[in-house]
Amino acid sequence: MTTLQPVRGTHDLLPLEHRKHSYIIDAARKVAASYGFLEMATPLLEFKEVFKRTLGDVSDIVTKEMYEIVKRGDEEIVLRPEGTAGIARAVMSNGLTQSMPLKFFYEGPMFRYERPQKGRLRQLHQIGAELFGVSDSMGDVEVIALAFDILKVLGLSQHVTLEINTLGDDESRKLYRDHLVAYLKDHHASLSPDSQQRLDRNPLRILDTKDEGDKKILNGAPLLTESLNAFSQEMFLKIQEGLNALKIPFQLNPHLVRGLDYYCHIAFEFTTTELGSQGTVLAGGRYDGLMTTMGGPSIPGVGWAGGIDRLALMLSEDALPPFIRPIAIIPMDEAFDIKGLELAQALRGQGHVVEMTYGGNLGKRLKKANKMNAHYAFILGEAEVASHTVTLKDLDTGEQTQLPREQIGEWLKDKGIS
RNA sequence: GCGGGUGUAGCUCAAUUGGUUAGAGCGCCAGUUUGUGGUACUGGAGGUCGUGGGUUCGAUUCCCAUCACUCGCCCCA
């Protein structure tokens, strides 16, 4: 019985759902191309090391959420939990580090062993964009603008809020980290158990807490902006300037922190209130240290990933392009099936969407044509075949005419489909 | 991984203090209609009441376990 269920946290994408996914991917792909981002794909399988080194040894993704699928000797192979590290690995593997900048768009499934919830799956689907080799803040602006444009095209920009923050460069972040830890240690006893743990592992994450008691303590905490050096400050301001110039609305959220180790400077999240606690729909930041962490040259980078599954939850059915209603081919009975097939092929060759009806008498086949939401039924019976004509029926109005085969194209053109 | 809720037909939901043959709407199939669909009417199929165990003369109903979904936490897209 259980073998008939999908694996926990995985999901069949039935046509209706799949349509949303491909709509999102197509839209994103198109917008990304207009920014000069080239699509690429990396394997679903990577060596564990790729993520262990980059995401940070203590991040949840590495410590408990990775699917390890094969072990051969010392090889530890995992299903990729996210996209950026794999793309960065590919840049190095393929010796692409010589010519910068590089702009990549990608799409595909990621795997994380988490407790499933609405909008949180073990096989999740992401779109993503990465820009390598640009340390200028204009790169950050463009990358965010790309994300915003995609959300706009999807009709979701009104339903999300862009929040940004800066983590500063290494120097600033380390300084702040010390200040914060010093402050929080004084309040250690009153912190929530979760935050007490985070104090050792990832203290910046405490800023993001949902615990009310923690929030009160944080009100008196030192601010990251106070620890920013001049360079980091200027970088952040320039990005805001750029966003303003492009009329991309945003909110400053000094408590916004990214979970993965490789982030620095800008951190941004597009969030929605429509999906419960899984509110983050697209998020990213700058990761200047990523390449060196992987043992490569020092190449800056900035990028984001968006959750297709979450975006799909926000898309309403009627936001999608309408289905093309098919033409149904109706041979009156089996004797004319072959004639029907030939007609269907000819029409498909001209670019029409054509469905064959199988079996049954005229009434039954019309019923099926109706069920498949066909706009027109092309009927072929004894009389039609003998006179080399087809009976063309409009299933919405019920009108029908019998025309010579050669005039079908004309007739379809009159109906506005060609 | 932690805490709460839910699980009856393909879908949305009923089923009285535990009681014999588990119902409805929608959908599906067929007929009324052998060269005309949609509407209408008539009929039909479809359930091991998530799964396993326990209590009981008897369990969809009570108890335990388990699985899945779901809400919140953790984490993240």
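In the text below, chain A, chain B and the rest are named by the order of the sequence lines, each starting its count at 1.
Using a 4.0 Å heavy-atom criterion, one finds that Gly276(A) contacts the sugar-phosphate atoms exclusively. Here Asp194(A) lies in heavy-atom contact (under 4.0 Å) with sugar-phosphate atoms only. When heavy atoms are screened at a 4.0 angstrom cut-off, Gly128(A) is found touching no nucleic acid atom at all. Using a 4.0 Å heavy-atom criterion, one finds that Ala377(A) contacts no nucleic acid atom at all. Within 4.0 Å of Leu282(A), counting heavy atoms only, lie sugar-phosphate atoms of the nucleic acid but no base atom. Residue contacts shown for Glu269(A) are absent, as no nucleic acid heavy atom lies under 4.0 Å away. Residue contacts for Gly83(A): at a heavy-atom cut-off of 4.0 Å it reaches no nucleic acid atom on any strand shown.
For Leu392(A) and U36(B), the CG to P distance is 18 Å, given to the nearest whole Å. When rounded to the nearest whole Å, the span between CG of Asp208(A) and P of C76(B) equals 9 Å. Gln5(A) places its CD atom 8 Å from the P atom of C69(B), with the value rounded to the nearest Å. Following rounding to the nearest Å, Tyr263(A) (OH) and A77(B) (C1') show an atom-to-atom distance of 10 Å. Separating the CZ atom of Arg115(A) from the C1' atom of C76(B) is a distance of 16 Å, rounded to the nearest angstrom. Rounded to an integer number of Å, the gap from CG of Asp211(A) to P of C75(B) is 12 Å. Distance CD (Gln123(A)) to P (C76(B)): 20 Å, rounded to an integer number of Å. Per the geometry, CG belonging to Asp333(A) stands 10 Å off C1' belonging to G35(B), to the nearest Å.
Taking atom C1' on both nucleotides, U66(B) is separated from U6(B) by 15 Å, rounded to a whole Å. With both ends at atom C1', the span from A24(B) to U70(B) equals 26 Å, rounded to whole Å. If you take atom C1' in U33(B) and the same atom in U39(B), they sit 14 Å apart, rounded to whole Å. Comparing the same atom, C1', in C28(B) and in A68(B) gives a spacing of 26 Å after rounding to whole Å. On the P atoms, U12(B) is 15 Å away from C69(B), given to the nearest whole Å. Straight-line distance between the C1' atoms of A45(B) and A30(B): roughly 10 Å, to the nearest whole Å. Between G4(B) and U51(B), the distance separating the two C1' atoms is 22 Å to the nearest Å. Across the C1' atoms, U61(B) and U8(B) are found 11 Å apart, a figure rounded to whole Å.
Side-chain atoms of Arg205(A) and base atoms of C76(B) include no donor and acceptor less than 3.5 Å apart.
Across A77(B), U70(B), G35(B), the shortest atom-to-atom separation from the side chain of Gln126(A) is found for A77(B). The side chain of Glu384(A) has G35(B) as its nearest neighbour among A77(B), G37(B), G35(B). Nearest to the side-chain atoms of Gln117(A) among the listed nucleotides A77(B), U36(B), C71(B) stands C71(B). Listed nucleotides: C71(B), U36(B), C75(B). Nearest to the side chain of Lys118(A): C71(B). When each of C75(B), G38(B), G35(B) is scored by its nearest atom to the side-chain atoms of Asn370(A), the top-ranked nucleotide is G38(B). Set against C71(B), C67(B), A77(B), the side chain of Ala283(A) has A77(B) as its closest nucleotide. Listed nucleotides C67(B), C73(B), A77(B) differ in distance to Lys210(A); the shortest reach to its side chain belongs to C73(B). If you check G37(B), G35(B), C75(B) against the side chain of Ile379(A), the one that comes closest is G35(B). Out of C2(B), U36(B), C76(B), the shortest distance to the side chain of Leu366(A) is found at U36(B). Of the candidates C71(B), G37(B), C76(B), G37(B) carries the atom nearest the Lys393(A) side chain, counting heavy atoms from C-beta on.
Screening Glu75(A), Glu76(A), Arg89(A) for a side chain to side chain contact (heavy atoms under 4.5 Å, CB included) involving Phe47(A) leaves a single residue, Glu75(A). Residue Met314(A) is tested with Leu151(A), Ile24(A), Val160(A) for a side chain to side chain contact (heavy atoms under 4.5 Å, CB included); the sole match is Val160(A). Checking each of Ile379(A), Asp333(A), Thr357(A) against Leu362(A) for a side chain to side chain contact (heavy atoms under 4.5 Å, CB included) leaves exactly one that passes, namely Ile379(A).
In summary, the side chains of His375(A) and Asp396(A) do present a donor paired with an acceptor at a separation below 3.5 Å, with no hydrogens or angles considered. Gln123(A) and Thr10(A) share no side-chain donor-acceptor pair at under 3.5 Å.
For C29(B), one of the phosphate oxygens OP1 or OP2 lies less than 4.0 angstrom from a side-chain nitrogen or oxygen of Lys371(A). Contact annotation: Ser277(A) side-chain N/O to C71(B) OP1/OP2 distance is not under 4.0 Å.
Across the strands present, C2(B) finds its partner in G72(B); the criterion is a Watson-Crick or G-U wobble pair with both atom distances under 3.5 angstrom. Of all nucleotides present, none satisfies the Watson-Crick or G-U wobble test against G35(B) with each distance under 3.5 Å. For A9(B), there is no paired nucleotide, since no Watson-Crick or G-U wobble pair has both relevant distances below 3.5 Å. Pair check for G47(B) finds none; no Watson-Crick or G-U wobble contact set falls under 3.5 Å. Using N1 to N3 plus N6-O4 or O6-N4 for Watson-Crick, or N1-O2 and O6-N3 for G-U wobble, each under 3.5 Å, U56(B) pairs with nothing.
In this structure, the side chains of Ile206(A) and Leu180(A) stay at 4.5 Å or more apart for every pair of heavy atoms.
Residue Lys364(A) is the one, among Lys364(A) and Leu121(A), whose nearest nucleotide of RNA chain B lies closer to the 5' end (criterion: closest heavy atom). Sequence order on RNA chain B of the closest nucleotides to Asp309(A) and Arg8(A) puts Arg8(A) first from the 5' end.
Aromatic rings from Tyr183(A) and His187(A) are positioned such that their centres are separated by under 6.0 Å.
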Salt bridge (Lys or Arg N to Asp or Glu O under 4.0 Å) between Glu317(A) and Arg19(A), worked out: CA-CA 10 Å; Glu317(A) 206 63 49; Arg19(A) 196 155 148 265; 3.6 Å; yes

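In His255(A), the NE2 atom is crowded: over 12 heavy atoms of neighbouring residues, nucleotides or ligands sit closer than 6.0 Å.
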